[in-house]
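Keep in mind that this is a model prediction, so the values were computed, not measured. Every chain is numbered from 1 and lettered A, B, ... according to where its sequence line falls, protein lines coming before strand lines.
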Amino acid sequence: MKIATWNVNSLNVRLPHVLKWLEANPVDVLCVQETKLTDDKFPAAAIEAAGYQVAYTGQKTYNGVAILSRLPITDVVKNNPRYEDAQQRILAATIDGMRIVCAYVPNGQSVDSEKYGYKLGWLAAFRDWLDEQAQQYPQLAVLGDYNIAPEDRDVHDPVAWAGQVLVSDQERAALLRLNELGLKDAFRLFEQADKSFSWWDYRQLGFRLNKGLRIDHILLSPALAARCSACVIDREPRKWEQPSDHAPVIATID
DNA sequence: ATGGCAAAACGTTTTTGA
């Protein structure tokens with residue numbers, strides 16, 4: 001069983017990439033972030049034609065998440081019931097006995113911005129809800145764009161980035177509080193190449209120079225971590241014409 | 001001179017992202 005996450009930066013623009021990628025990588029579950037589509041505009045038919053069931057919740061212009069699955073999707077929950085939020089950033093569903101959470105964590109903009117406070121508050125509520133979810137669903141996987149690089153090795157230039165949004169101590173502490181629930185970063189369960197990133201700036205030849213960050217993660221409960229045999233980042237679609245700035249992350253669950 | 005892309009929207013520019 002393969003589960004994956006990919007911030008597509010507009011599903012309207014990237015639908016051909018998603019379909020092409022799924023053809024080459026027929027994962028069982030794909031969590032998508034930044035669809036930027038209201039539900040009435042969601043391309044469900046095209047995705048179903050590719051052999052995937054789909055659940056989604058979106059809004060105009062910003063945010064929006066979806067779960068694509070080759071296996072039946074049940075018990076869909078939109079958003080965090082513990083946190084009033086107009087922004088569509090969370091979708092949860094049960095697939096093949098696993099509880100899958102697709103999350104698009106707020107960006108935060110900059111540490112002195114109001115959006116940074118929103119990010120930290122959102123993450124605190126996310127933690128509280130995941131605590132409950134972890135109790136209820138031992139087979140829990142939380143996939144998404146966390147907008148946090150957990151450690152300096154997840155940052156191409158830690159000195160230049162020091163203290164900035166996406167790497168600040170408070171954000172990293174919020175991510176650690178998710179780990180304290182028993183959720184493990186699937187990528188770090190394995191030996192990985194140095195300078196492995198999941199996002200590269202469109203500007204200044206970011207991808208070509210590998211000036212990136214690792215901010216897209218798959219967190220697994222202890223029961224799922226024990227079944228996980230691989231976790232990789234697929235850089236291929238970042239090389240395609242008109243790419244998303246993020247690459248997919250894929251975990252294999254035995 | 002905080003630039004440098006990319007996407008979306010009541011667009012001949014602004015906001016947001018990371």
Whole-angstrom distance between [N] and [M], as gauged at atom [atom1]:
{"N": "B/dT2", "M": "B/dA18", "atom1": "P", "value": "23 Å"}
{"N": "B/dT12", "M": "B/dG17", "atom1": "C1'", "value": "23 Å"}
{"N": "B/dC10", "M": "B/dC5", "atom1": "P", "value": "26 Å"}
{"N": "B/dA1", "M": "B/dG11", "atom1": "C1'", "value": "25 Å"}

Indicate whether OP1 or OP2 belonging to B/dA18 is found under 4.0 Å from a side-chain N or O atom of A/Tyr104.
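Yes.
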
Among residues two or more places apart or on two chains, list those pairs meeting ring-ring contact (aromatic ring centres under 6.0 Å, His included) that have a residue in residues 20-70 of chain A.
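Found A/Trp6-A/Trp21, A/Phe42-A/Tyr56.
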
Hey, could you give me each pair passing ring-ring contact (aromatic ring centres under 6.0 Å, His included) that has a residue in residues 170-189 of chain A? Not counting sequence neighbours.
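Listed once each, the pairs would be none.
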
Name the residue closer to the 5' end of DNA chain B, choosing between A/Asn147 and A/Asn12 according to the nucleotide with the nearest heavy atom.
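Per heavy-atom nearest nucleotide, the more 5' residue is A/Asn12.
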
Upstream residue (5' side of DNA chain B) when A/Gly108 and A/Leu11 are each assigned their closest nucleotide
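Nearer the 5' end of the strand: A/Leu11.
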
Atom pairs, N/O to N/O, protein against nucleotides 3-7 of chain B, distance under 3.5 Å?
| from | atom 1 | to | atom 2 | distance (Å) |
| --- | --- | --- | --- | --- |
| B/dG4 | O6 | A/Arg203 | NH1 | 3.4 |
| B/dG4 | N1 | A/Arg203 | NH1 | 3.3 |
| B/dA7 | OP1 | A/Arg14 | NH1 | 3.0 |
| B/dA7 | OP1 | A/Arg14 | NH2 | 3.4 |
| B/dA7 | OP1 | A/Gln242 | NE2 | 3.3 |
| B/dA7 | OP2 | A/Gln242 | NE2 | 3.4 |
| B/dA7 | O3' | A/Ser10 | OG | 3.4 |

d([atom1], [X]; [atom2], [N]) in whole Å:
{"X": "A/Glu114", "N": "B/dG17", "atom1": "CD", "atom2": "C1'", "answer": "17 Å"}
{"X": "A/Lys60", "N": "B/dG11", "atom1": "NZ", "atom2": "P", "answer": "11 Å"}
{"X": "A/Asp216", "N": "B/dG17", "atom1": "CG", "atom2": "C1'", "answer": "13 Å"}
{"X": "A/Leu37", "N": "B/dA8", "atom1": "CG", "atom2": "P", "answer": "8 Å"}
{"X": "A/Arg89", "N": "B/dA18", "atom1": "CZ", "atom2": "C1'", "answer": "12 Å"}

Given A/Ile218 and A/Thr5, is the side chain to side chain contact (heavy atoms under 4.5 Å, CB included) satisfied, shown in steps?
CA-CA 7 Å; A/Ile218 298 177; A/Thr5 180; 4.0 Å; yes

Checking contacts here: which listed nucleotide (B/dA9, B/dA18, B/dG17) is nearest the side-chain heavy atoms of A/Leu166?
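Closest nucleotide to the A/Leu166 side chain: B/dA18.
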
Does the side chain of A/Leu220 reach to within under 4.5 Å of the side chain of A/Ile3, using non-hydrogen atoms?
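When only atoms from C-beta onward are counted, A/Ile3 and A/Leu220 do touch, with a gap below 4.5 Å.
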
Report all side-chain donor-acceptor pairs from residues 247-254 of chain A shorter than 3.5 Å, counting only partners two or more places apart or in another chain.
| from | atom 1 | to | atom 2 | distance (Å) |
| --- | --- | --- | --- | --- |
| A/Thr252 | OG1 | A/Lys2 | NZ | 3.2 |
| A/Asp254 | OD1 | A/Ser229 | OG | 3.2 |
| A/Asp254 | OD2 | A/Ser229 | OG | 3.1 |

Considering every strand and a 4.0 Å limit on heavy-atom distances, what is the contact class for [X]: base, sugar-phosphate, or nothing?
{"X": "A/Ile215", "answer": "sugar-phosphate"}
{"X": "A/Asn63", "answer": "nothing"}
{"X": "A/Asn107", "answer": "base"}
{"X": "A/Glu34", "answer": "sugar-phosphate"}

In terms of relative ring orientation, are A/Trp199 and A/Trp161 parallel, tilted or perpendicular, with 30° and 60° separating the classes?
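Ring orientation, 0 to 90° scale: perpendicular.
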
Tell me the salt bridge (charged side-chain N to carboxylate O under 4.0 Å, His left out) pairs involving residues 224-238 of chain A, sequence neighbours left out?
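Of all non-adjacent pairs touching residues 224-238 of chain A, those that pass salt bridge (charged side-chain N to carboxylate O under 4.0 Å, His left out) are A/Glu236-A/Lys239.
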
Hydrophobic cluster mates of A/Leu176, side-chain heavy atoms under 4.5 angstrom, ILVMFWY only, any path?
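Joined to A/Leu176, directly or through intermediates: none.
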
Where do N or O atoms of nucleotides 13-16 of chain B meet protein N or O atoms at under 3.5 Å, pair by pair?
none

Residues that A/Phe126 engages under ring pair (Phe, Tyr, Trp, His ring centres under 6.0 Å), provided they are two or more places apart:
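Once residues adjacent in sequence are excluded, the partners of A/Phe126 under the ring pair (Phe, Tyr, Trp, His ring centres under 6.0 Å) criterion are A/Trp122.
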
Considering only residues two or more places apart or on different chains, which pairs with a residue in residues 11-20 of chain A satisfy side-chain hydrogen bond (donor to acceptor under 3.5 Å, both in side chains)?
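Found none.
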
Those residues that, when tested against A/Leu71, pass side chain to side chain contact (heavy atoms under 4.5 Å, CB included) (two or more places apart)
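If we apply the side chain to side chain contact (heavy atoms under 4.5 Å, CB included) test to A/Leu71, skipping adjacent residues, the hits are A/Met1, A/Ser69, A/Ile95, A/Asp96.
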
Test salt bridge (Lys or Arg N to Asp or Glu O under 4.0 Å) applied to A/Arg172 - qualifying residues, sequence neighbours left out:
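In terms of salt bridge (Lys or Arg N to Asp or Glu O under 4.0 Å), with neighbours along the sequence ignored, A/Arg172 is linked to A/Asp152.
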
Would you jot down, in residue-number order, the residues of residues 117-127 of chain A having a non-hydrogen atom under 4.0 Å from DNA chain B?
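Result for residues 117-127 of chain A: none.
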
